[in-house]
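Notes follow the structure.
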Amino acid sequence: MNSREKILRTPLYDLHVELNGKMTPFSGYEMPVNYSRGIIKEHLHTRSHAGLFDVSHMGQVRLTGVNVARSLEYLVPVDIEALALNKQVYAVFSNETGGILDDLIITRWGEDEFFLVFNAACKKQDLAHLEKHLPAEVNIEFLHDRALIALQGPAAMDVMAQLAPAAKDLVFMTGCFTSIEGVECYVSRSGYTGEDGFEISLPADQADRIARFILTFDEVEAIGLGARDSLRLEAGFCLYGHDMDVHTSPIEAGLQWLISKSRRLGGDKQGGFPGADVIFDQMTSLNCKLRVGLLALGKAPIREGTELVNDNSEKIGVVTSGGFGPSLNAPVAMGYVEREYALAGTELKALVRDKQLPVRVSDLPFIPHRYFRG
Amino acid sequence: MSDTRFTEDHEWARIEEDGSITVGISNYAQEQLGDVVYVELPDVGKIINAGAEAAVIESVKAAGDVKLPVTGKVIEINERLADEPELVNSSPQDEGWFMKLEPENAQAITNLMDESAYGEYIDKL
């Protein structure tokens, strides 16, 4: 963010301050890192009960226009035409060198209508990307008057059953229009914690009231960005700008699963997205770095930027996210290593304060996902 | 009688009756750090200069270092922090102490802020 730009606040800013949120600048917004109980307790509460997250800083966009599905396919390696009504898909905007411009969730709202949610830090760039590459007949509507909140954790379903009974039967990665306390909203069964849960897109001017109402449920506590980060790290999810960027491809990031069969080599809509050649080449050869989970064998957290070396002290990788996993009660990290070191169980050393600390390559996620699939 | 002094970097140092100095971090510091998950302490016997990094403290979100307000030899470390780093949060100026030093010059700490001066200092932050 340009430092001269004014720092923004979400519609829930007053609530964060009232709840004693420790506010910090994040992607151009003043956001709560944690509230009074602290990151570890907030994290554990989300895994055992339910947490309410303000993610209103994220970009929400509605696309409409004839053949908009086909047009979107020029930007993402996903079969958008095949996406059913009210289904969601995880995707990336790729660039010409196979790198990732941003990751996003695409939801089909109608035959020629889609809802996109992308990262706060990439908002302007993503909008420019859409404007540049989508045909003129596609209408791009930035939903700046919408807030976004997430309700995550095993108790989320029981709470949702009381908020919006229609939404409680949704399965993972589907959504519906419904209302909560008389407020129209779009609820989807999705999230960034690895837990069952929901994301609720709603009018910004109603967000404060609805968030306060959800917090009246005994099971629900407000959760800050700190726990959001430790939850997603344990769940093995990439954070854009850290675990992926324009220098990492979906293959390197371990996201080949998001490339639809029809868009792969030999598929009936093969390629046709930016960087397809590079991505196909990597899919075939796997001759690239790869994202892996890393478990420290000691107790010291291994932070982003830490170099990884092999037994000969040669640098073979780098940590891209790392910290403490409260559910594992141990340090957790992820990073990129050369392909030959990517096998789970491989022991490496992390260079921390001039010491070589042992780490072990681990499968992701660290904590099994607990989605509701019906 | 003990005399606890504070640095601008939020360490505290206390002269004990035997002339040793106990060092830790202040309540303000632990509040800023959040949940402490790891403390790396020096080896007993190590001589550390004033202002040099003596310990590393890691919270869920970040790592920070602890500098000594006086030069001295480490004579004891708080072994409990290895398994209970959360003591730094729950009891920063008592059970969450970091190390004891045999100082080169114990009186050097009297140049640091006393409790009321430190209180005024953090009020302005």
Side-chain angles (χ1 to χ4, degrees), chain A residues 20-26 31-46 223-234 239 242 296-306 319 321-333 350-357, chain B residues 9-10 25-49 51-68 74 77-93 95-96 98-99 122-123 125:
Chain A
N20 213 1
K22 190 175 161 189
M23 306 305 285
T24 192
F26 179 83
M31 298 297 284
V33 178
N34 58 269
Y35 304 91
S36 305
R37 293 184 75 194
I39 295 173
I40 291 179
K41 286 192 175 123
E42 290 173 22
H43 175 117
L44 296 174
H45 186 88
T46 306
I223 310 295
L225 287 181
R228 181 171 154 84
D229 191 51
S230 56
L231 287 158
R232 70 92 195 166
L233 180 55
E234 284 184 343
L239 176 60
H242 301 259
L297 303 186
K299 291 187 173 176
I302 314 290
R303 305 283 179 185
E304 179 178 359
T306 301
V319 173
S321 278
F324 183 78
S327 299
L328 291 167
N329 195 27
V332 283
L351 298 185
V352 178
R353 297 182 284 274
D354 303 326
K355 291 191 190 114
Q356 293 201 354
L357 303 183
Chain B
D9 294 328
H10 310 289
I25 66 164
S26 72
N27 186 55
Y28 177 87
Q30 71 81 18
E31 280 179 2
Q32 295 301 310
L33 277 166
D35 298 319
V36 173
V37 296
Y38 177 74
V39 180
E40 189 173 288
L41 294 171
D43 293 332
V44 171
K46 189 175 177 186
I47 293 169
I48 302 172
N49 289 323
E53 180 184 306
V56 175
I57 181 163
E58 302 245 15
S59 70
V60 179
K61 282 302 281 179
D65 51 23
V66 175
K67 297 188 184 95
L68 287 192
V74 180
I77 57 172
N78 187 355
E79 307 273 4
R80 284 181 71 190
L81 295 184
D83 290 320
E84 301 171 86
E86 63 273 15
L87 287 174
V88 179
N89 294 116
S90 60
S91 180
Q93 279 167 236
E95 290 179 90
F98 279 34
M99 67 193 90
I122 56 176
D123 280 346
L125 295 179

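Throughout, protein chains are lettered first and strands after them, A, B, ... in sequence-line order, and every chain is numbered starting at 1.
Ion pairing of B/Glu58 with A/Lys299 is absent here, as no side-chain N (NZ or NE/NH1/NH2) approaches a carboxylate O to less than 4.0 Å.
Here the closest non-hydrogen pair linking B/Asn78 and B/Gly96 is ND2-C, 4.0 Å.
Across A/Ser230, A/Gly226, A/Ala300, the residue that shares the most heavy-atom pairs under 4.5 angstrom with chain B is A/Ala300. Top candidate by heavy-atom pairs under 4.5 Å with chain A, chosen from B/Glu40, B/Glu86, B/Glu31, is B/Glu40.
Within the 4.5 angstrom heavy-atom criterion, only side-chain atoms of B/Val56, from C-beta onward, approach chain A. For a residue to count as touching a neighbouring chain, one of its non-hydrogen atoms must lie under 4.5 Å from one of that chain's; by this rule B/Asp65 does not touch chain A. A/Asp229 touches chain B through its side chain: at least one heavy atom from C-beta onward sits under 4.5 Å away, while N, CA, C and O do not.
Listed for the B/Asp35 side chain is a donor-acceptor partner under 3.5 Å among the backbone atoms of A/Ile39. Looking at A/Glu42, its side chain does come within 3.5 Å of a backbone N or O of A/Tyr35 through a donor-acceptor pair.
For A/Thr46 and A/Arg228, the side-chain atoms include no donor-acceptor pair closer than 3.5 Å.
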